[in-house]
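Only a predicted model underlies this, so the values are computations on that prediction, with no experimental measurement involved. Lettering of chains follows the sequences in order, A, B, ..., and the numbering in each one begins at 1.
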There are 2 protein chains.
Amino acid sequence: MSKVKETSVNYENKQNLGSECTEIYAVNLINGQWTLAICCHLANGKLRFGELRKRIPNITERMLTLQLRKMEANKLVKRTVYAEVPPRVEYELTKSGLQLNPILKQLEEWGEKHRKTID
Amino acid sequence: MSKVKETSVNYENKQNLGSECTEIYAVNLINGQWTLAICCHLANGKLRFGELRKRIPNITERMLTLQLRKMEANKLVKRTVYAEVPPRVEYELTKSGLQLNPILKQLEEWGEKHRKTID
DNA sequence: CTGTATCCTATTTGATACTG
DNA sequence: CAGTATCAAATAGGATACAG
């Protein structure tokens with residue numbers, strides 16, 4: 001994560017590929033190391049920051065924050081802040097995020113089959 | 001690309017996520033920057049190394065080689081070497097690679113819709 | 001023609017400590 | 001509780017030259 005320098009060859013290449021080929025654009029939205037893990041856990045409803053952190057093993061606060069911010073920017077999750085003490089923030093999938101689920105199911109089935117063919 | 005040090009926390013995390021959650025495993029197979037571009041071009045039949053290079057703008061020989069090797073290791077593409085002079089090498093999708101195509105189509109449609117909702 | 005090798009930069013991820 | 005800040009490590013990607 002961290003900031004992306006918007007003037008690198010790498011960045012340009014990604015932009016080009018993403019704008020020509022929509023499936024590449026789509027994959028770029030979900031290819032963070034933790035993005036899908038978060039999707040999984042949010043698939044069944046909203047969760048608070050701390051709940052996500054507990055459910056996802058090994059993730060650091062930092063990475064969880066960065067991933068959630070990225071997904072928020074990509075409109076895959078919605079972030080709701082409650083002005084309370086102690087603070088409470090809830091995350092949930094957007095409509096687009098939810099529509100991704102059936103596709104991920106298929107990807108899961110494919111992965112299962114593929115893993116077997118590899119042995 | 002470059003080599004992956006098989007003793008880093010990062011590597012372990014990827015392994016863990018991939019083995020628990022098959023969709024993460026599946027995405028890891030296709031999340032190279034050029035992987036999907038190669039898939040696209042091979043979807044319609046075999047291509048030679050040089051043909052791929054010409055069709056994929058901006059890719060360097062190095063990255064094309066690395067990606068193809070990775071995809072070969074993952075059994076997404078098959079590599080056929082003809083013992084000729086000059087040398088000829090053809091790449092084609094494996095059965096698993098082909099089965100990925102309908103899923104990518106759906107991902108493409110989702111990406112299209114999603115891109116609009118973002119504005 | 002089909003790559004490899006080398007060196008370097010960009011980006012991502014992690015560990016840890018700290019804040020409102 | 002829900003983060004930020006900072007520093008360091010690891011991985012991905014690029015430029016270029018060269019080899020079988």
Query raised in the report: A:Pro87 has a side chain; which of D:dG13, C:dG3, C:dG20 sits nearest to it?
Result: C:dG20
Once you round it to whole Å, what is the distance between [atom2] of [N] and [atom1] of [X]?
| X | N | atom1 | atom2 | answer |
| --- | --- | --- | --- | --- |
| A:Asn28 | C:dT12 | CG | C1' | 14 Å |
| B:Leu17 | C:dG14 | CG | C1' | 14 Å |
| B:Leu66 | C:dA5 | CG | C1' | 11 Å |
| B:Met63 | C:dT4 | CE | P | 13 Å |
| A:Asn31 | C:dT12 | CG | P | 9 Å |
| B:Leu68 | D:dG13 | CG | P | 13 Å |
| A:Leu47 | D:dA2 | CG | C1' | 15 Å |
| A:Glu12 | C:dT9 | CD | C1' | 15 Å |

**Report entry** Under 3.5 Å donor-acceptor, B:His114 side chain and A:Asn74 backbone
**Finding:** yes
Report summary line: Comparing A:Arg53 with B:Ile59, nearest DNA chain D nucleotide closer to 5' gives the residue A:Arg53
Applying salt bridge (Lys or Arg N to Asp or Glu O under 4.0 Å), which residue pairs with at least one partner in [range] are found, sequence neighbours left out?
| range | result |
| --- | --- |
| residues 77-89 of chain B | B:Lys78-B:Glu92, B:Glu84-B:Arg88, B:Arg88-B:Glu90 |
| residues 12-25 of chain B | none |
| residues 55-72 of chain B | B:Arg53-B:Glu61 |

Query - Intermediate values then yes/no, side chain to side chain contact (heavy atoms under 4.5 Å, CB included), B:Asn10 and B:Val4 - result: CA-CA 10 Å; B:Asn10 197 351; B:Val4 182; over 6 Å; no
Report summary line: By nearest-nucleotide position on DNA chain C, the 5'-leaning member of B:Val81 and A:Thr60 is B:Val81
**Report entry** Co-membership, hydrophobic cluster, residues B:Leu98 and B:Leu47, 4.5 Å side-chain
**Finding:** yes
Query raised in the report: Considering only heavy atoms, which members of residues 33-41 of chain B lie under 4.0 Å from some atom of DNA chain D?
Result: B:Gln33, B:Trp34
Query raised in the report: Does a side chain donor of either B:Gln67 or B:Thr35 reach within less than 3.5 Å of an acceptor in the other side chain?
Result: yes
Query - Set of side-chain contact (heavy atoms from CB on, under 4.5 Å) partners for A:Lys54, sequence neighbours left out - result: none
Report task. Going 5' to 3' through nucleotides 4-11 of chain D, assign each nucleotide B (protein heavy atom under 4.0 Å from a base atom), S (under 4.0 Å only from sugar-phosphate atoms) or - (no protein heavy atom that close). Result -> B-B---SS
Query raised in the report: D:dA12 phosphate, OP1 or OP2: any side-chain N/O from B:Gln67 under 4.0 angstrom?
Result: no
Query raised in the report: Heavy atoms under 4.0 Å, any strand shown: does A:Tyr82 hit a base, just sugar-phosphate, or nothing?
Result: nothing
Report task. Flag the pair A:Glu109 / B:Ile103 as yes when at least one side-chain heavy-atom distance between them is below 4.5 Å, and no otherwise. Result -> no
